[in-house]
Amino acid sequence: MAELMSGFGCFTHAMVRAVPQSLARDALRSGGLEVDLLKVQEEYEEYVSVLKHRLGLEVLELPADEALPDCVFVEDAAVVCGDTALVCRPGAQSRRRETEAVKAALTELGLNIVEMTDESATLEGGDVLFTGREFFVGLSKRTNQRGAEILADTFKDYAVSTVPVQDALHLKSFCSMAGPGLIAIGSSEAAQKALKIMQQMSDHRYDKLTLPDDSAANCIYMNLPSKGDVLLHCTPEEFPESAQVFEKLKDHMLIPVTNQEKAKVDGGLTCCSVLINMKKNI
Amino acid sequence: MTTEVGSESDVKKVPEVQQQTAPASAEPSQEESPSDPEAAASLEPSSPPADGGPKKEKGISRFLPPWLKRQKSQSQDKPGESSAPPKQESVEAVQEEQEEKHGAGAATASTEQTEEEKSIGSADTQPVREEKSEEKEVETKEEEQVIPHEASGLSALKLNKKMKMVVCHVTLLDGSQFSCEVEKRAKGQYLFFQVCEHLNLLEKDYFGLSFKDNAEQRCWLDPTKEIKRQIRNSQWQFAFSVKFYPLDPSQLTEDITRYLLCLQLRQDIASGRLPCSFVTHALLGSYTLQAELGDHDPEEHRLDYISDFQFAPNQTKELEEKVVELHKSHRGMTPAQSDAQFLENAKKLSMYGVDLHHAKDSEGVDIMLGVCANGLLIYKDRLRINRFAWPKILKISYKRSNFYIKIRPGETEQFESTVGFKLPNHRAAKRVWKVCVEHHTFFRLVSPEQPTKTKFLTLGSKFRYSGRTQAQTRQASSLIDRPAPYFQRTSSKRISRSLDGAPVVNVSDYSQAAGAGENGPALELNSDSKSQQVEVVEEPDADAATSISSETAFETDGAGAPERKSKLRVQGENIYVRHSNLMLEDLDKTQEDVLKHQASISELKRSFMEATPDPMPSQWDKRLTGSPATTLRLQAQGSAEVKPEVNGQPEVVEVVEETVVIEEVVKAKPKSPAPEVPATVETECAAEVKEERSLSSDSDSEEEAEYHAQPPTTTTHNNKKKQEPEEEQEAVLIQQAPPSGIESQPITEAAEPAPSAEEEKPAELPEEEVHADEPLATPDEAPNGHALQAKAPPTLRAAPTEEEEPHIVNGSASRVEAEHLPQVICCSEPPVVKTEMVTISDTFAAQKTEISTKEVPIVHTETKTITYEAAQLDGNGDGEPGVLMTAQTITSESLCTTTTTHITKTLKGGLSETRIEKRIVITGDSDIDHDQALAQAIKEAKEQHPDMSVTRVVVHKETELAEDED
């Protein structure tokens with residue numbers, strides 16, 4: 001029977017975008033680290049492979065655009081919920097044009113497209129945490145109040161609460177959903193503070209999965225027909241302690257995915273895809 | 001005009017009465033008018049409940065305080081006498097106006113005071129009467145007095161017969177109109193029940209009737225109040241709608257209830273009040289079609305078959321197509337199933353059940369306040385920027401156009417904080433407050449009040465949520481045992497078939513939830529309760545008499561008066577039952593009131609100055625002396641010391657409007673009814689007169705004598721109380737304060753005679769001690785000379801010998817003069833003394849608040865304390881220290897009223913005495929009929945303890961002087 005807000009984590013499609021050569025040199029980064037392009041590409045290949053072959057998602061791969069060094073991080077370009085896609089307006093000037101190809105692809109899929117025409121609004125998907133019941137939008141350097149308002153206008157069924165983000169690029173730099181009603185959260189002060197705010201703002205109760213490393217708290221949860229609960233998370237090589245925490249999730253199908261190199265340009269696991277559920281929910 | 005009529009009627013019907021009122025009659029019109037406000041208030045109580053009938057009214061009238069009765073009689077007489085209906089109306093209208101004007105009840109003008117005093121005298125008689133009549137020992141004088149009342153009762157009867165009927169138009173959820181004739185004075189619930197009956201609705205607690213006020217704002221009709229008084233000049237046009245959106249509609253017992261909820265939600269969606277996405281519009285619309293039209297029929301159902309339905313604020317062709325597409329997929333679903341699916345989806349919408357109100361934050365930014373089942377949501381545009389769950393909120397209040405919530409400190413925070421919001425106007429602030437109160441009670445509490453719901457809950461303040469809570473209604477509806485009622489869906493005339501196996505209500509579930517959380521449902525912790533308990537433990541001494549005072553002391557304790565503690569010597573068990581401690585407060589004041597207050601201030605000051613607090617040992621002091629706990633001391637200390645404590649948070653937002661204290665004392669062994677008393681009484685009266693200037697009741701004193709004889713019971717206590725009045729009130733308030741009732745503040749007000757200096761203090765007080773607020777206020781008074789009294793207490797005790805009693809009726813001033821006079825305060829007829837204190841203060845309430853608005857305007861607060869006391873027979877030896885046998889305190893709260901019952905049994909010289917003190921705090925806005933509430937409380941108290949007599953009634957009234965009109 002049709003029901004709203006059901007099937008959290010159910011996805012059929014994943015949109016990804018290839019790694020441009022320019023990433024190594026021009027991609028934005030907070031750490032100023034050197035990036036090995038080859039490694040990034042390897043990670044990307046592995047990532048796509050997991051989605052496509054391991055999980056059986058239909059992967060829609062957009063070509064890289066050398067003019068857009070950060071284009072691999074498609075998550076920031078659009079927020080998809082149900083059959084509606086909000087095309088974002090990235091806060092980083094250099095990323096604005098990333099949305100064009102994304103929008104075209106989403107339109108192709110038949111989603112209802114909502115665009116942010118307000119010039120004063122900025123929103124990056126990395127700041128949008130959808131819990132299945134509501135949205136939390138991080139107010140960061142990349143996302144502002146107006147952007148959050150537009151998101152709220154776009155997804156009227158859901159409560160949209162704002163969460164100030166400090167000491168991190170995006171809200172999802174230190175948190176993500178690790179299951180229905182389960183929030184993976186980093187241990188840093190900023191992360192814990194944000195979690196508190198989210199808990200206060202919500203009418204719903206969430207369990208939390210606290211991870212020693214903030215970056216490890218960025219994981220991908222899916223609920224797939226033949227697989228059940230699936231969790232893509234950091235590798236033990238990257239974050240040994242955090243990986244151990246994930247391994248305690250016995251009911252999940254755990255898939256460690258390397259993200260070491262992309263992390264140097266502030267990329268998390270969630271950043272590299274836009275997950276879509278094209279199966280008619282209603 | 002009204003006044004004249006009233007006076008005339010009085011005269012006619014009760015010629016004898018005139019004597020009593022004679023002084024008052026000198027200034028007929030004026031006097032009357034002042035009393036009118038009260039009278040107006042009294043109207044409600046007197047007004048026969050729609051269903052009640054004259055008899056009932058009569059019964060109630062019996063319990064009404066005389067002052068109330070008198071007015072009531074006026075009002076009633078008018079209609080009866082004036083044959084022309086239209087005329088009646090005009091008269092009533094006038095009355096109302098007057099009421100409104102005087103509603104605040106600040107009689108500043110000297111004339112007014114006089115009047116009040118007069119009225120007081122009459123009022124005093126009332127208690128006496130009651131007792132007398134009951135005992136059949138009424139003497140001629142008394143009889144005379146009584147007569148008026150009876151007359152009024154008769155007139156009431158006549159009225160009922162001729163009662164004017166009004167046609168109410170109610171818009172039902174399906175858009176149809178329901179017309180119903182109701183008696184003009186019918187209460188909201190009468191109409192509501194009529195509607196529910198018409199709808200065949202049993203689970204009615206989720207619903208309510210609303211109307212549009214003059215500003216086109218939707219207001220909920222309070223079931224406990226007269227319709228007419230609520231709608232004012234608006235049309236008798238109402239809308240039946242959902243008031244509390246059930247969190248889980250599947251737990252509703254009957255399909256018809258779900259159907260009505262669906263109708264409401266369809267309205268909410270179509271109007272845009274409940275925003276949802278395109279897909280949701282389509283889905284919900286498709287369930288609507290299935291419910292109304294049944295299975296999609298390709299032949300019959302062309303695209304235009306849905307043109308009659310509105311699924312969204314902006315319905316597009318695309319949407320309609322989607323709706324139809326989805327409709328096809330629901331084949332086989334019954335209407336009830338479709339409704340259930342509709343609700344399952346609708347309830348998940350984030351704005352489901354959220355009542356939005358426009359407001360500004362402390363920085364003047366436009367926001368929306370959303371009141372819902374779980375608490376208060378703050379929105380900026382469509383974004384949720386904050387949320388305060390009920391458990392997180394300690395107190396909600398409003399003052400003028402500001403709405404405040406006091407937040408429980410977080411884990412890492414040490415102090416409570418208060419957040420203030422600016423509403424467009426005072427009414428809006430009140431409305432939000434009200435909605436919060438109701439939602440909190442309905443969703444958060446297991447029961448609105450005591451298990452013995454019938455007793456005090458009835459006090460009607462506008463805000464009081466009179467219905468059942470969700471938990472209760474679920475429980476009740478689980479007992480519904482009737483075949484699923486048939487009902488027609490208006491659009492389709494489709495008959496509902498009930499679903500098999502209607503969902504079983506799981507009450508336990510809910511109650512658990514409600515009870516969960518450490519803090520429990522109680523929003524506001526009553527400092528009182530805590531303190532009381534503590535004290536009890538500490539000092540097990542005791543006197544029955546003391547016990548009362550001790551209570552007061554508790555509150556004060558914080559101040560640090562060791563003496564107080566000593567007073568409390570409660571050995572017995574102290575049972576403190578707290579149901580919900582949500583402190584609801586609101587302040588209401590009109591400019592007029594303010595002016596009046598200001599005018600009266602000068603007088604007050606004068607009186608204060610005059611009234612030096614001489615520690616005069618009063619009669620009761622003597623008596624009490626023996627006992628460790630003297631009321632006086634307690635009071636004095638409490639007041640004086642309390643203030644210091646206050647310190648902390650300026651944010652006082654709460655408004656306590658009225659506190660009603662009813663003490664009932666029963667002496668097991670009849671003491672000699674001190675015949676002496678009468679004499680004393682008279683003297684006292686004189687004293688009072690001087691003080692107040694206007695005390696009217698000479699005649700009353702005479703009556704008193706009689707009175708005394710009859711009820712031996714109370715006297716002693718009364719005397720004690722008398723002394724205490726001012727202080728006690730405060731004390732009382734303190735105790736009561738927790739309940740947040742309307743009244744706790746009154747004390748404060750009194751205390752604040754010196755407004756400017758202490759403006760801030762009052763505000764502070766409230767906050768810190770949730771309940772303590774009042775006590776704090778008291779301290780303020782000290783500056784004026786009350787302080788002296790406060791300090792004096794110890795002395796008083798020490799020198800119990802002195803006989804003069806400070807009947808402090810009005811304040812300290814009275815005491816001074818009274819010193820030499822005989823102790824008894826006599827009130828006119830019966831041993832009832834009315835004291836009134838009005839204090840006006842300016843408070844910069846919000847300014848100090850960190851979070852709250854900076855621009856918070858100065859708040860003018862008026863406090864009024866009225867004490868009605870029965871003359872006390874001082875039969876007891878002065879010094880007899882009683883032995884406290886048992887003491888228990890029970891507190892119950894309803895939305896707008898908090899009742900604290902303190903029962904002490906004392907053994908004094910072989911005489912067992914039971915004293916019951918009830919503190920009732922009524923919180924609400926000006927619309928609350930305080931007089932009715934008071935009358936009701938008295939009545940209930942009498943009913944509960946028919947063998948006891950009411951010896952004293954102290955009314956503290958605190959109101960905010962609002963600058964904005966309203």
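Within the 4.5 angstrom heavy-atom criterion, only side-chain atoms of E134(A), from C-beta onward, approach chain B. Interface residue N386(B): backbone and side-chain heavy atoms are both found under 4.5 Å from chain A. Residue I378(B): no heavy atom, backbone or side chain, is found under 4.5 Å from chain A. In this structure, chain B has a heavy atom under 4.5 Å from the backbone of S202(A), while its side chain stays farther away.
F130(A) has its ring centre no less than 6.0 Å from the ring centre of F155(A).
Judged by distance alone, the side chains of N218(A) and S176(A) never bring a donor and an acceptor atom under 3.5 Å apart.
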Check your understanding: Between E98(A) and V74(A), is a side chain to side chain contact (heavy atoms under 4.5 Å, CB included) present by the stated rule, with each step listed?
Key -> CA-CA 8 Å; E98(A) 288 179 23; V74(A) 287; over 6 Å; no

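The aromatic rings of W390(B) and H440(B) sit perpendicular to each other, their planes meeting at more than 60°, with 30° as the lower class boundary.
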